[in-house]
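Below you'll find the structure, written out as structure tokens, and then a few comments.
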Amino acid sequence: MTDIRLYNTKTRTKETFAPIDPKNVRMYVCGPTVYDRAHLGNARPVIVFDVLYRLLRHVYGAGHVTYVRNFTDVDDRINETAQNRKAAGAAGTLEELIRERSNETIRWYHDDMDALGALRPDHEPRATEFIPQMVAMIEGLIASGHAYEKEGHVLFRVRSYAEYGKLSGRSIDDMIAGARVEVAPFKEDPMDFVLWKPSDKDLPGWDSPWGRGRPGWHIECSAMSHDLLGESFDIHAGGIDLQFPHHANEIAQSKCAHPKAEFAKVWMHNEMLQVEGKKMSKSLGNFFTVRDLLDKGVPGEVIRFVFLQTHYSKPMDWTEEKARQAKETLWKWRQQTSHVSVRKRPSVTPDSVYAALCDDLNTSLAISRLHQLSAQGDADELLASLELVGFGEDWQDDLRNDMANMRVLLAHEARFGELRQHALASKDFSLVDQLKARLLAAGVEVRMSKGGVELVPGPDFDPAKLEALK
RNA sequence: GGCGGGUUGGCGGAGAGGUUACGCAGCGGAUUGCAAAUCCGUGAAGACCGGUUCGAUUCCGGUACCCGCCUCCA
């Protein structure tokens with residue numbers, strides 16, 4: 001079997017992947033802060049590392065991969081929504097309303113990411129359910145001199161960890177020279193970051209040796225990954241914007257808390273998303289969520305396809321044109337594989353697509369190889385390969401659901417064929433052309449030949465428009 | 001100021017030191033009542049300037065432009 005090679009941000013090289021324990025390959029991906037709908041950029045790590053998860057399951061077996069992706073549900077924006085709802089007269093305590101908001105957002109997240117064809121991780125820990133582990137880790141860091149308490153805050157002492165910032169190639173002094181760090185009187189060093197901070201009386205908080213408070217952002221991931229995956233695990237991934245400070249701080253915390261362990265062996269970072277050539281932002285008016293696209297009628301698999309067309313390490317541009325092309329390509333492949341019965345699906349994925357994925361998740365190359373399989377007319381292999389990258393799993397169901405529509409279409413086909421036979425004799429095609437135009441408008445492909453006519457639903461097939469033809 | 005990513009044919013987007021990427025669009029043809037779909041064929045590239053080399057779009061150096069991070073934003 002081909003080796004999997006992955007670009008490791010930590011070593012700045014592409015390395016052959018060798019799991020610590022092939023019976024339990026472990027990966028951790030930084031998940032969302034659940035304060036609102038996921039925007040399109042949030043979908044990129046989900047899709048990219050879903051492909052990695054699928055690849056690892058393919059190679060090591062579905063039961064031998066553990067994928068953890070957290071939910072950060074300690075956040076001021078969540079609190080704010082809850083407070084606003086309470087002020088507007090919503091029933092329940094503030095704590096209940098906060099929990100409700102998180103639950104609601106998590107539900108949305110699941111709905112949206114499911115629609116993109118992303119498998120659910122094996123564990124989706126919520127920060128609020130791991131507070132004791134965080135407290136324990138912080139206590140350990142204080143005991144070993146890597147952290148200190150000041151005015152109800154606990155801060156990590158960055159000068160106590162010589163390799164601080166190495167992941168992103170920064171030195172502490174470089175960063176201070178950048179001079180955009182928060183200066184707080186209780187910090188020994190401007191780069192020291194918060195592990196624990198006090199909480200206002202009217203905001204959620206947890207009892208701790210340092211008083212009632214809440215955890216800093218970075219300690220969450222360190223505590224949860226440790227609890228669910230252990231001191232050392234194989235892959236830690238996330239967006240490149242998290243490389244600093246989030247991942248730098250995670251490394252500092254975890255390495256200092258467990259000095260003998262390696263923590264994450266491989267660090268992977270996906271590049272950012274742009275929209276029509278520009279950064280997605282509310283001020284530019286090009287900000288939208290995954291749900292916005294789904295509601296506009298862009299299928300999740302189309303979004304997935306567009307994302308996978310660009311290698312994860314490169315900036316990716318979302319455009320309408322790409323979505324349009326993706327839709328047509330997927331439709332073509334769906335048609336091409338429609339006759340492949342479930343039982344005949346091959347279990348072994350063809351080398352070409354698999355090999356592309358093994359080369360640092362080269363999904364772009366994988367897609368071009370799917371095109372090749374399509375051109376060769378190898379429907380079995382095409383479908384098997386599609387499933388490896390997360391497409392086509394529900395296509396058979398779709399086609400079954402379409403049976404009712406197919407019957408309607410067949411009726412039209414018979415009538416249309418008859419009409420055309422007469423037209424061929426009379427040379428008057430006006431009625432035929434009229435009907436054809438309407439069929440096309442309903443998204444039906446009209447195929448005519450000497451043998452007769454065939455009506456096939458196209459990518460934009462709309463049965464409702466067909467009804468009007470009666 | 002520091003750190004990092006990008007620049008490939010009309011558009012999207014890969015690999016490889018020398019040989020066709022691939023897809024979309026275009027063009028020519030087959031097919032068609034006309035189309036669509038399909039099939040066959042085909043032109044077109046690597047920001048700029050140097051260097052290494054028999055040979056670079058691919059390696060090295062520099063320049064330009066775009067983007068991100070250094071502000072709990074994936």
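Protein chains get the first letters and strands the later ones, always in sequence-line order, with residue 1 at the start of each. Here the structure is a predicted model, which is why all the values come from computation and not from measurement.
Contact annotation for A:Lys332: backbone-only contact, meaning every heavy-atom pair under 4.0 Å involves sugar-phosphate atoms and none involves a base. Within the 4.0 angstrom heavy-atom criterion, base atoms lie near A:Val432. As judged by a 4.0 angstrom heavy-atom cut-off over every strand, A:Arg69 is placed among residues making no nucleic acid contact. Counting any heavy atom pair closer than 4.0 Å across all strands shown, A:His39 reaches a base atom. Residue contacts for A:Leu440: at a heavy-atom cut-off of 4.0 Å it reaches no nucleic acid atom on any strand shown. Contact annotation for A:Gly238: backbone-only contact, meaning every heavy-atom pair under 4.0 Å involves sugar-phosphate atoms and none involves a base. Among the heavy atoms of the strands, none lies under 4.0 Å from A:Lys427.
Applying the 4.0 Å criterion to OP1 and OP2 of B:U32, one finds that A:Arg420 has every side-chain N and O outside that range. Note on A:Lys450: a side-chain N or O is less than 4.0 Å away from OP1 or OP2 of B:U32. For A:Arg324 and B:C24, the shortest distance from a side-chain N or O to OP1 or OP2 is not below 4.0 Å. Close to B:C24, at under 4.0 Å from its OP1 or OP2, lies no side-chain N or O of A:Lys322. One finds no side-chain N or O of A:Lys314 lying less than 4.0 angstrom from the OP1 or OP2 phosphate oxygen of B:C67. For A:Asn42 and B:C73, the shortest distance from a side-chain N or O to OP1 or OP2 is not below 4.0 Å. Regarding contacts with the backbone of B:G13, a side-chain N or O of A:Thr310 is found under 4.0 angstrom from either OP1 or OP2.
Here the separation of B:G46 from B:U7, taken at their C1' atoms, is 9 Å to the nearest Å. Across the P atoms, B:G41 and B:G23 are found 12 Å apart, a figure rounded to whole Å. Between B:C59 and B:G68, the distance separating the two C1' atoms is 27 Å to the nearest Å. B:A14 and B:U53 have their C1' atoms separated by 25 Å, given to the nearest Å. Taking atom P on both B:A74 and B:C3, the two are 26 Å apart, rounded to the nearest angstrom. Between the P atoms of B:A45 and B:U52, the separation comes to 27 Å (whole Å). Look at the C1' atom in both B:G13 and B:U57: the space between them is 15 Å, to the nearest Å. Remark: the separation of the P atoms in B:C11 and B:G17 is 27 Å, to the nearest Å.
With hydrogens and angles left out, the side chain of A:His269 and the base of B:A74 share no donor-acceptor pair within 3.5 Å. Contact annotation: side chain of A:Asp433 to base of B:G33, donor-acceptor pair present below 3.5 Å.
Nearest heavy-atom pair, A:Glu387 versus A:Gly392, reported as atom, atom and distance to 0.1 Å: OE2-O, 4.1 Å.
In this structure, the side chain of A:Asp73 does not engage the main chain of A:Ser102 through any donor-acceptor pair within 3.5 Å.
The partner of B:G41 is B:C27, by the rule that a Watson-Crick or G-U pair needs both atom distances under 3.5 Å. The nucleotide B:C69 finds its pairing partner in B:G2, both defining distances of the Watson-Crick or G-U wobble pair being shorter than 3.5 Å. Under the Watson-Crick and G-U wobble criteria, each requiring two contacts below 3.5 Å, nucleotide B:G15 is left unpaired. Under the Watson-Crick and G-U wobble criteria, each requiring two contacts below 3.5 Å, nucleotide B:G61 is paired to B:C49.
In the set B:C22, B:A35, B:G13, B:A35 carries the atom at the smallest distance from any side-chain atom of A:Lys436. Residue A:Arg12 places its side chain closer to B:G4 than to any other of B:G4, B:A74, B:A21. Checking B:A74, B:G33, B:A37 against the side-chain heavy atoms of A:Arg447 singles out B:A37 as nearest. Comparing B:C73, B:A37, B:A14 by their closest approach to the side chain of A:Asp241 singles out B:C73. Closest contact between the side chain of A:Val446 and the listed nucleotides B:A35, B:G5, B:G33 involves B:A35. For A:Gln274, counting side-chain heavy atoms from C-beta on, the closest listed nucleotide (B:A35, B:G12, B:C67) is B:C67. Checking B:G33, B:A74, B:A37 against the side-chain heavy atoms of A:Met448 singles out B:G33 as nearest. The nucleotide whose nearest atom lies closest to any side-chain atom of A:Phe429 is, among B:G4, B:A36, B:G33, B:G33.
Between A:Arg5 and A:Asp360 there is no salt bridge, since no side-chain nitrogen of the basic residue lies less than 4.0 Å from a carboxylate oxygen of the acidic one. A salt bridge does not link A:Asp192 to A:Lys187: none of the charged nitrogens lies less than 4.0 Å from a carboxylate oxygen. Salt-bridge formation is detected for the pair A:Glu301/A:Arg334: a Lys NZ or Arg NE/NH1/NH2 atom is positioned less than 4.0 Å from an Asp or Glu carboxylate oxygen. The pair A:Lys314-A:Glu271 fails the salt-bridge criterion, with no side-chain N (NZ, NE, NH1 or NH2) lying under 4.0 Å from an Asp/Glu carboxylate O. One finds a salt bridge joining A:Arg214 and A:Asp76 here, because a Lys/Arg side-chain nitrogen approaches an Asp/Glu carboxylate oxygen to under 4.0 Å. Contact check on A:Glu188 versus A:Arg157 returns a salt bridge, with a Lys/Arg side-chain nitrogen under 4.0 Å from an Asp/Glu carboxylate oxygen.
Glycosidic conformation at B:G26 (O4'-C1'-N9-C4 for purines, O4'-C1'-N1-C2 for pyrimidines): anti, more than 90° from 0.
Distance A:Gln372 CD to B:G15 C1': 11 Å, rounded to the nearest Å. The separation between A:Met272 atom CE and B:A74 atom P is 9 Å, rounded to whole Å. Rounding to whole angstrom units, CG of residue A:Asp192 and P of B:U71 are separated by 13 Å. Rounded to whole Å, atom P of B:G33 lies 12 Å from atom CZ of A:Phe416. A straight line from CG of A:Leu167 to P of B:G4 spans 12 Å, rounded to a whole angstrom. Whole-Å rounding puts the A:Glu321 CD to B:G13 P distance at 12 Å. Rounded to an integer number of Å, the gap from NZ of A:Lys10 to P of B:C3 is 22 Å.
Comparing A:His311 and A:Pro45 by the nucleotide of RNA chain B whose heavy atom lies nearest to each, the residue mapping closer to the 5' end is A:His311. Take the nearest nucleotide of RNA chain B for A:Asp317 and for A:Tyr7: the residue whose nucleotide is more 5' is A:Tyr7.
When the shell of 6.0 Å around NZ of A:Lys166 is examined, it contains 12 or fewer heavy atoms from other residues, nucleotides or ligands.
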